Amino acid sequence: MPVRAADIAGVAASGSEPPADCPLCPRLVAYREANEQAHPDYFNGAVPSFGEDDAALLIVGLAPGLHGANKTARPFTGDYAGDLLYATLARFGFSEGAYKAAPDDGLVLRGAMITNAVRCAPPQNKPVGAEIRACRPFLKARIEALPALRAILCLGRIAHDSTLAALGLKAKDAPFSHGAAHDAALAGGRRVRVFDSYHCSRYNTNTRRLTPEMFEDVFAGIRRHVDEG
Ligand code: URA
């Protein structure tokens, strides 16, 4: 079904969190509908951000995994990538409670929030450019709605490029590189530091492109920056 202008206007007005049945991306809507048939017990919707409204750290992932966040309705929850992410958040004091890969595990984030560049599960975990662009207003609004924000951790190049665009920066002025940090201005003159990491995906960790030690080094820099105040 084609997307109607009224749908776009209505959804855009929803700010930092799209409705679960967001209609903006026809391919992702078709995929959601197929998943509702195949997995009626899954959430199957635009996965909301998870964490504190006064977060100093925003983590930007790529998109919900079909059998993880798309099932549980919490970013990275039940996804392979969540094991390393949530373990590292705990180690650096950004969470309390035990992560048990379920939305009712009682885990809370402390001074942090997790979101995704694309909020709906894409086929093969690969959103296309139009989907990344369609979802960007939500990322931009998400960033703008965090008054205590000091650091953004981008997991992978797509999260990095979409975050830079949301901040009004050009990717060529701050190219993605694991371990890099780039300073940017937020509306109202506040500063935020954008940290880059390879995505903590199964592929990257199994091939040791990203080791737990490399990920912890990035988090150590974030912790220092956030604690500097
Ligand atoms: N799950 C998410 O929510 N985001 C990712 O980027 C990967 C898995």
Side-chain angles (χ1 to χ4, degrees), residues 16-20 22 25 27-28 31-32 35 39 42-52 55 57-90 94-95 99-105 107-109 112-129 131-136 138-139 142-143 151-166 176 178 194-207 209-212 214-215 218-219 222:
S16 57
E17 301 299 327
C22 183
C25 302
R27 191 182 74 118
L28 301 187
Y31 191 53
R32 179 197 302 150
N35 289 326
H39 308 288
Y42 285 15
F43 172 65
N44 294 316
V47 174
S49 309
F50 168 53
E52 293 196 312
L57 167 64
L58 179 67
I59 296 152
V60 184
L62 171 58
L66 172 58
H67 302 297
N70 174 67
K71 176 180 180 182
T72 63
R74 199 175 74 180
F76 287 87
T77 299
D79 283 307
Y80 182 92
D83 291 351
L84 179 58
L85 177 60
Y86 282 111
T88 312
L89 284 166
F94 286 112
S95 68
Y99 169 69
K100 294 190 187 144
D104 58 357
D105 57 13
L107 181 85
V108 287
L109 299 188
M113 181 177 275
I114 309 175
T115 194
N116 278 306
V118 173
R119 305 293 183 93
C120 294
Q124 278 90 47
N125 280 333
K126 286 191 173 60
V128 300
E131 294 158 356
I132 297 164
R133 284 190 294 278
C135 218
R136 188 168 302 137
F138 301 111
L139 177 59
R142 183 67 275 166
I143 292 169
I152 302 177
L153 170 59
C154 299
L155 297 177
R157 185 183 302 273
I158 290 177
H160 168 93
D161 288 353
S162 200
T163 298
L164 285 194
F176 174 82
H178 175 83
V194 179
F195 293 83
D196 289 343
S197 172
Y198 293 133
H199 194 286
C200 46
S201 64
R202 186 195 299 263
Y203 179 82
N204 282 348
T205 53
N206 282 351
T207 57
R209 183 177 175 84
L210 179 71
T211 63
M214 289 165 69
F215 206 42
V218 174
F219 267 85
I222 292 171

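Start at 1 and go down the list; that is how both ligands and their atoms are numbered. In this text, all values refer to a predicted model and were calculated from it rather than measured experimentally. The analysis underlying the following values was restricted to heavy atoms, covering all of them including side chains, and did not include hydrogens, waters or symmetry mates.
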**Report entry** Interatomic spacing from CG in N125 to CD1 in I158 - rounded to 0.5 Å
**Finding:** 10.5 Å
Report task. Enter the distance from D79:CG to L84:CG here, rounded to the nearest 0.5 Å. Result -> 13.0 Å
Query - H160 and D196: side chain donor to acceptor below 3.5 Å - result: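 Yes, a side-chain donor-acceptor pair sits under 3.5 Å.
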**Report entry** Residue that, paired with L155, satisfies side chain to side chain contact (heavy atoms under 4.5 Å, CB included) out of I59, N116, V60
**Finding:** I59
Report task. Applying side chain to side chain contact (heavy atoms under 4.5 Å, CB included) between P123 and each of L66, V128, L28, N35, report the one that passes. Result ->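 Single pass found, and it is L28.
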Requested in this report: Decide yes or no on ring-ring contact (aromatic ring centres under 6.0 Å, His included) for F76 and H199, but give the supporting numbers first.
Outcome: CA-CA 12 Å; F76 287 87; H199 194 286; 5.8 Å; yes
**Report entry** Residues in the immediate environment of ligand 1 (any heavy atom closer than 4.0 angstrom)
**Finding:**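 Residues within 4.0 Å of ligand 1: G61, L62, A63, P64, G65, A69, P75, F76, D79, N116, H199.
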